[in-house]
Each structure stands twice: as structure tokens, then as C-alpha cells.
Amino acid sequence: MMEANDSNTIAVHNPRARKLRSLVWNDFTKERKADGSYVAICNHCKKQLTASSRSGTTHLKNHLVICTSTKRIKRKKLVVRRLVLKSTDAKSEDAVSSEHSHFDQESSRQDLARMVILHGYPFNIVHHVGFRTFIRNLQPMFKLVSADVVKADCMKIYENERLRLLEVLDKLHSRISLTIDVWRSIEDAKYVCLTCHYVDNDWQLQKKILNFFHVGSLEMGQEISKTILEKLLEWNIDGKLCTIVLDNCGTSDLVASELLGYLRVKGFLISNGEMFYARSGGQLLNIVVQTALDSACEIIGRIRACVQYVKSSHERLARFQKDAEQMGIPQKQLVLDSPASWPSTHLMLKTACQYQEAFKHLAECDIESIDFPSPKDWDDVRAIIDCLEVFYDAMEKFSATRIPTASLYFNEMCGIHFLLKTRYKSPQPFIASMAKEMLEKFEQYWEFNRMLMAIASVLDPRYKMKSVEYFFTKVFDDSSEAKTRIDNVHDSFINLYNEYIGQSANSLKSQAFYSGTSGGYSSAEFGNDGECKTSHITLSDTQRGLDQYLKETSSGHPARSDLDMYLEEAVHPSNSPDDNFDILAWWKYNAAKYPALSMMARDILGIPISVDLVDSDARTLNQYLSSTDPVTIECLICAQDWIGNETEVSPVDALALVSLEGNGDEVMVPAGGD
């Protein structure tokens with residue numbers, strides 16, 4: 001049975017369809033459009049997002065961060081996501097197999113410890129009367145242990161998982177990039193979270209928290225650098241680093257400089273460390289947007305005061321909404337922003353603009369002295385919205401990406417650069433002035449990442465050098481400057497490639513075998529020491545390797561490098577930029593064809609130049625962890641991250657503080673809850 005909602009979408013009921021298991025669907029309605037594609041409609045703001053089977057649900061959850069931060073403004077800190085069991089776990093809940101009918105005290109103790117880690121429960125939960133009663137009725141044979149024993153079990157899990165991760169990193173064939181974030185306890189004690197990012201040996205993007213340690217002061221950049229180096233040596237990855245991303249650390253430049261000095265002397269870095277320090281795309285966008293908000297703070301403050309005035313009285317709000325309804329204004333919730341969250345400010349301005357006539361009528365009828373916006377003010381507000389819309393759309397696009405590789409951002413950033421330069425030339429003084437300040441800030445920070453993002457874009461087979469050539473000719477008015485910058489990217493790409501050739505000269509003599517699997521061609525795995533690490537090579541694989549060699553060397557032409565082949569061949573066909581192209585799968589498939597380039601791609605694409613929607617102020621430990629010693633905090637946070645693949649939760653979510661305005665209570669609230 002199908003029910004038409006509008007001209008474009010059709011609600012579909014199919015009892016045989018796969019059940020939507022993720023709890024994010026409590027906040028979204030899935031509908032099918034007339035063309036057969038699916039969209040997810042937010043139940044709160046009615047925004048439509050993609051809902052194809054390949055798009056996953058991460059972008060829906062990230063949308064709720066923006067949407068709920070404005071519609072549920074009482075929340076001052078990060079809302080903790082609901083712990084969601086994987087579908088495999090959910091299927092097994094309703095039936096207990098005979099093989100599990102035998103009770104095992106030790107296994108149950110381990111399950112209890114893992115539960116405490118995964119959910120962030122206090123160790124003394126085993127002393128809670130309700131919990132003890134529940135366990136006694138559920139399994140009378142289980143002997144509850146003390147809180148100290150639970151803690152010891154958790155520490156044992158941490159140590160076992162640490163050794164396991166240490167082995168994984170030791171066998172890793174790619175370089176590792178790092179992000180360094182600052183967290184705070186309720187008492188404002190400072191912690192540094194050290195996270196590694198890499199593409200694993202199966203070409204999957206991975207992210208693991210390495211350490212979570214206490215620091216005396218963020219001003220002690222040298223002390224932080226020294227501690228980070230010690231941790232890198234403990235993990236034995238100081239010789240495998242690619243890039244480091246520092247965002248909300250007040251001494252980022254000093255920390256990066258100290259680390260760069262040590263690693264450059266050791267000769268551990270690619271390009272002699274020229275690409276060692278990067279800034280995330282999220283930080284760049286946030287800084288530029290904040291510049292716009294600062295330049296327009298007066299008019300934004302006026303809109304905020306008007307919205308607050310209307311919402312401060314239920315009677316006034318009801319009268320306002322009634323007047324708006326009589327004027328034919330679509331009924332949308334009037335939003336009051338959180339000044340620390342620019343997406344909420346964008347939404348406040350956007351909804352307020354739709355109520356312009358209602359505000360005008362209120363100004364004429366209300367005798368109170370409120371400074372209502374003038375017609376020119378409303379024109380300026382629309383200009384602000386147009387500017388913010390570009391950044392808001394970029395944020396949403398980035399957060400919807402399943403595989404946020406470094407290649408994702410170059411085109412969008414160049415597009416933003418071009419739009420800012422266009423608006424800088426606007427005949428409207430307000431727009432030109434705001435765009436000028438935003439452009440100056442953008443170009444200042446864009447210089448940190450431009451070359452790195454450009455190289456990552458060249459490694460995208462859909463674009464290669466084409467996007468660099470196109471955007472640089474658009475962005476730079478002087479054709480000679482554009483050509484110089486294009487040549488710089490080309491030369492830097494070749495130099496980096498030659499560096500990989502030099503490091504892997506011995507490895508490249510052992511060309512990758514064709515793997516005969518459904519994945520097609522896959523590379524012989526190469527380590528930093530140039531030794532071929534491939535395992536499970538069969539006799540048939542060697543024959544296929546011979547066939548490939550004959551094909552490549554029997555043309556009668558001089559052998560070309562994989563770089564020459566890659567750049568000269570046509571770009572990979574793409575229907576659209578949003579076609580869910582899996583770049584890592586493409587490189588895994590073509591690793592045998594481009595052995596050196598694939599090694600380079602694995603390192604560069606794993607750099608975490610991501611867009612983070614979480615405000616730095618939201619990185620606050622909850623009450624329980626804030627009162628725990630630093631060693632235990634590190635064990636719990638790291639262990640939760642390492643075994644977190646059992647659930648969809650991330651440690652950043654599970655260990656954050658949720659504070660409700662008004663009564664000061666701290667509660668654990670599910671992502672979809674009120």
C-alpha cells in the first residue's frame with residue numbers, strides 16, 4: 001500500500017523490507033521518492049537527507065547534533081548517544097542456544113567488566129541494590145564480585161587490548177597520522193587525547209585512541225610534546241608517522257614544532273616534514289564562520305533579542321504564531337540559538353527571516369521598546385544566511401561521508417574559496433566587507449592544508465590533476481600565478497612519489513600478485529623496511545602474476561612508471577560527486593597496477609583532515625570520570641574505544657557530560673530523548 005505525501009515522495013509499506021534497526025530512525029522517517037531513491041526526513045526540522053542502502057546512518061546522527069542542539073537548547077553539553085547493539089547481537093537476544101546453556105562464572109565476570117567499560121558504568125554498580133537483585137533473579141549461580149575486582153578485571157581487559165593493538169601497529173604497512181585533542185574534567189583539569197588514524201592492511205580506514213593523559217597546563221607546550229614523544233616510543237610508531245593534526249590545543253604550533261624538530265632529525269618524516277602539521281577542515285570552517293559572525297554581531301544580536309522576546313512569554317508567542325498563520329507564513333518553530341554553536345545561529349536567522357512580516361506586525365502593535373530590525377537589517381540577514389549556507393552545506397556533506405579520507409575536502413574548499421572571492425567583489429558594501437574579512441581568514445589557514453589536500457585530490461582517480469587545474473584557474477585571477485601553483489602541486493606530487501620509490505626500491509622488484517579474489521587486484525603488502533609482507537600466496541597466484549607481467553612488458557614500448565600510467569590514463573568515470581565512490585576499495589583493487597602509488601595513497605588518504613561537528617567545549621568528562629584518577633581514566637577510555645566495535649558508540653560520546661539547564665542535574669540522555 002502506498003500513500004502519497006507530496007508530488008515528489010511516496011510513503012511505502014513493505015512488510016518484507018529489512019527492518020530499520022538503528023535507533024536513529026526514531027528521529028527520521030524513511031520515504032521513497034518518485035524516481036525510486038530513498039530519503040530520510042528529519043522528524044524535527046523536516047530536512048531531507050539521503051537514505052540509500054550504501055549511505056549508512058552516520059550522517060543522520062551528525063545531523064541530529066546540529067538539529068537537536070538548536071531544538072533542544074536546554075542541553076549545554078554533548079548529548080550521549082544511545083548504545084546500540086549490532087544486528088548480530090540483536091538477533092541473538094531472543095533465543096538462547098544450547099551451547100550457551102552452561103553457566104560459566106569467569107566468562108560472566110568478563111562480560112560484566114566489558115559492560116562496565118562499554119557503557120561507562122561506575123565500578124560500584126555491583127553494590128547497587130537494584131542491580132544485585134536483577135542479577136540474582138536473572139542468574140542465581142552468578143557470584144557478584146566487589147568493585148575492586150571489577151576494576152581489576154577492567155584493567156586486565158585494557159592491558160590485553162593494548163597488547164593486541166601494539167601487535168597490529170607493529171605489523172601495519174602504512175604510515176600513521178595523529179590527532180591531538182584537549183579534554184577537561186568538571187574541575188577543569190586538562191587531559192590530552194592522542195588518537196592514531198591509518199589505513200589498515202585490508203584497506204579499511206581505522207581510528208584508535210592511543211593515550212588519554214593528564215597535563216598540568218596547556219601552556220606547557222614542551223612538556224606536552226615530551227609526553228607525546230614518550231607515548232609514541234612506547235607504541236613504537238615514532239618512525240611511522242605521516243601527519244599530525246592539532247585543533248583545540250592552545251599551544252598547537254609549539255607542540256607541532258617540538259615534535260617536528262625531533263622527528264626531522266631522525267629522518268622519519270616524508271618530504272622532510274613539509275606535510276607533517278595540518279589543521280582539520282572543521283577548524284578552518286569554524287574560524288571563517290566565526291569571523292563572519294563577529295563582523296555581523298550587531299544585527300545578529302538584534303535578531304536574537306527579538307526571538308528571545310517573543311519566546312519569553314507563552315501568551316506573546318501564541319499571539320505571534322496566530323498572526324503568522326493569518327499571514328500565510330509556514331509554521332516552523334522559532335529557534336533561539338546557542339551563541340557557541342554557529343549552526344544553531346544559522347538556523348535561528350533562517351527561521352527568523354521567514355517570520356519577517358510577523359515581526360513587522362509585532363513591532364507595530366507592541367508598545368514595549370524592543371529594537372526590531374529594519375528592512376535593511378533583514379536584507380543584511382539574508383546576506384549572512386547566504387554566506388553561512390555554504391559552510392553549513394559543506395559541514396553536512398562532509399559528515400554524511402562514510403569514509404572520510406583526505407581526498408574528500410579539496411574540491412569543496414576550493415569552491416568556498418572561489419565563492420568568497422566572488423562575494424568580496426559584491427556591489428553591496430555589507431556583503432563585500434564581510435566577505436573580505438572571511439576571505440583573509442580563510443586564505444591564512446588554507447595555506448596550512450592546500451598542498452596536502454591537493455595531493456590527496458590527485459590521488460582520487462575521479463579527478464587526478466583535473467580538479468587542481470580547474471579550481472586554481474578559477475580562484476587565482478592571474479593566469480601565470482594559477483599556472484605556477486598548478487605546477488607546484490604537480491612537482492610536489494612527483495617528488496613525493498620519487499621519495500616512495502626510493503624507500504621501496506627493493507619492494508618494487510617484487511611486484512604484487514593478482515589475488516584471484518572477488519576484490520580483483522590487491523597489492524603485495526610492503527613494510528617500511530622494503531620487505532614484502534604478503535602471506536597466503538598460492539602457486540596459481542604466481543601464474544597470474546606472470547600473466548600480468550607478460551601483459552605489461554610485451555607491448556614493445558619502454559616500461560612506464562605507475563605514476564606515468566596513472567596520470568596519463570583517463571579519470572575514473574563518476575556519475576556525480578555524491579555517488580558513494582569508495583576510494584580505498586579502488587586503490588585496493590588497483591594496488592598491483594600502481595604498486596608505489598598505492599603505498600603513497602594509503603598514507604595520504606589516511607590523514608584525518610575531517611570536519612568535526614563537536615565543539616571543543618563539549619569535550620568534558622562526566623562527574624564519575626572527573627573524580628577518578630588519571631590512570632583509571634586512561635584505561636577506561638582507551639579500552640572502550642578498542643572494544644567499541646561491539647557497539648555503535650564512540651568514547652567521545654559515552655564519556656561526555658550532559659548538563660540540563662536550570663536545576664544543574666547531570667543525567668545520561670539517549671540521543672533521541674528529550
The salt bridge (Lys or Arg N to Asp or Glu O under 4.0 Å) partners of K311 (sequence neighbours excluded) come to none
Exercise. Report, as yes or no, whether the 6.0 Å neighbourhood of atom NZ on K350 holds more than 12 heavy atoms from other residues, nucleotides or ligands.
Key: no
Report yes if some heavy atom in the side chain of H128 is under 4.5 Å from a heavy atom in the side chain of N124; otherwise report no. yes
For S257, the side-chain contact (heavy atoms from CB on, under 4.5 Å) test, sequence neighbours excluded, returns none
Should we count CZ of F134 as having more than 12 external heavy atoms under 6.0 Å?
-> no
One should read off an interatomic distance between L49 CG and K30 NZ, to the nearest 0.5 angstrom, of 13.0 Å
Sequence neighbours excluded, the answer for side-chain contact (heavy atoms from CB on, under 4.5 Å) partners of E234 is K231
| W642 ring centre to R162 NZ or CZ under 6.0 Å, with the angle to the axis within 45°? | no
A side-chain contact here means heavy atoms from C-beta on lying under 4.5 Å apart; do V126 and I135 qualify? no
Interatomic distance, CZ@F142 vs CD@Q105, rounded to 0.5 Å, equals 5.0 Å
Sidechain-backbone polar pair: D202 side chain, Q204 backbone, donor-acceptor under 3.5 Å:
no
- Query: Would you say the side-chain atoms of D641 pair up with the backbone N or O of K208, donor to acceptor, closer than 3.5 Å?
  - Reply: no
Residue set satisfying side-chain contact (heavy atoms from CB on, under 4.5 Å) with A292, at least two apart, ordered chain then number -> M434, M438
- Within-4.5 Å side-chain heavy-atom neighbours: L112 and D153: no
Applying salt bridge (Lys or Arg N to Asp or Glu O under 4.0 Å) to E258 and not counting sequence neighbours gives none
The salt bridge (Lys or Arg N to Asp or Glu O under 4.0 Å) partners of E230 (sequence neighbours excluded) come to none
- Please state whether the rings of Y392 and H346 are parallel, tilted or perpendicular, taking 30° and 60° as the class boundaries. parallel
Margin query: Between L293 and T345, is there a side-chain heavy-atom distance shorter than 4.5 Å?
Written below: yes
Contacts of H59 meeting side-chain hydrogen bond (donor to acceptor under 3.5 Å, both in side chains) (sequence neighbours excluded), chain-then-number -> none
**Q.** Student check: side-chain heavy atoms of T632 and M155 closer than 4.5 Å
**A.** yes
Residues at least two apart in sequence or cross-chain that pass salt bridge (Lys or Arg N to Asp or Glu O under 4.0 Å) with E106, listed by chain then number, are R109
Would you check if L636 and F123 make a side-chain contact, meaning some heavy-atom pair closer than 4.5 Å? yes
Check your understanding: Parallel, tilted or perpendicular for Y121 and H119, by the 30°/60° rule?
Key -> parallel
- L229 side chain near D238 side chain, heavy-atom distance below 4.5 Å: no
Open item on the list: Run I607 and H197 through side chain to side chain contact (heavy atoms under 4.5 Å, CB included) and show every step you take.
Closed with: CA-CA 7 Å; I607 298 173; H197 306 253; over 6 Å; no
Salt bridge (Lys or Arg N to Asp or Glu O under 4.0 Å) pairs touching residues 43-53, sequence neighbours excluded, are K47-E396
Tightest non-hydrogen contact, residues R619 and V182, listed as CD-O, 3.6 Å
### Message
Regarding K226 and E223, does a basic nitrogen lie under 4.0 Å from an acidic carboxylate oxygen?
### Response
no
Just by distance, do the side chain of S626 and the backbone of I186 share a donor-acceptor pair under 3.5 Å? yes
In this structure, CZ of F448 is separated from CD1 of I609 (nearest 0.5 Å) by 13.0 Å
Between the OG1 atom in T227 and the NE2 atom in H214, the distance rounded to the nearest 0.5 Å is 11.0 Å
*asked:* Please check: side-chain N/O of N211 versus main-chain N/O of L194, any donor-acceptor pairing under 3.5 Å?
replied: no
Rounding to 0.5 Å, atoms CG (L347) and CG (L334) come to a distance of 10.0 Å
Applying side-chain contact (heavy atoms from CB on, under 4.5 Å) to T58 and not counting sequence neighbours gives N62
Notebook entry, point to check: Is the shortest heavy-atom distance from the side chain of Y198 to the side chain of C242 under 4.5 Å?
Noted result: no
side-chain hydrogen bond (donor to acceptor under 3.5 Å, both in side chains) filter on W342, not counting sequence neighbours, yields N286
Rounded to the nearest 0.5 angstrom, the CG-CD distance for L621 and E187 is 9.5 Å
Those residues at least two apart in sequence (or on a different chain) that pass side-chain hydrogen bond (donor to acceptor under 3.5 Å, both in side chains) with S177 are none
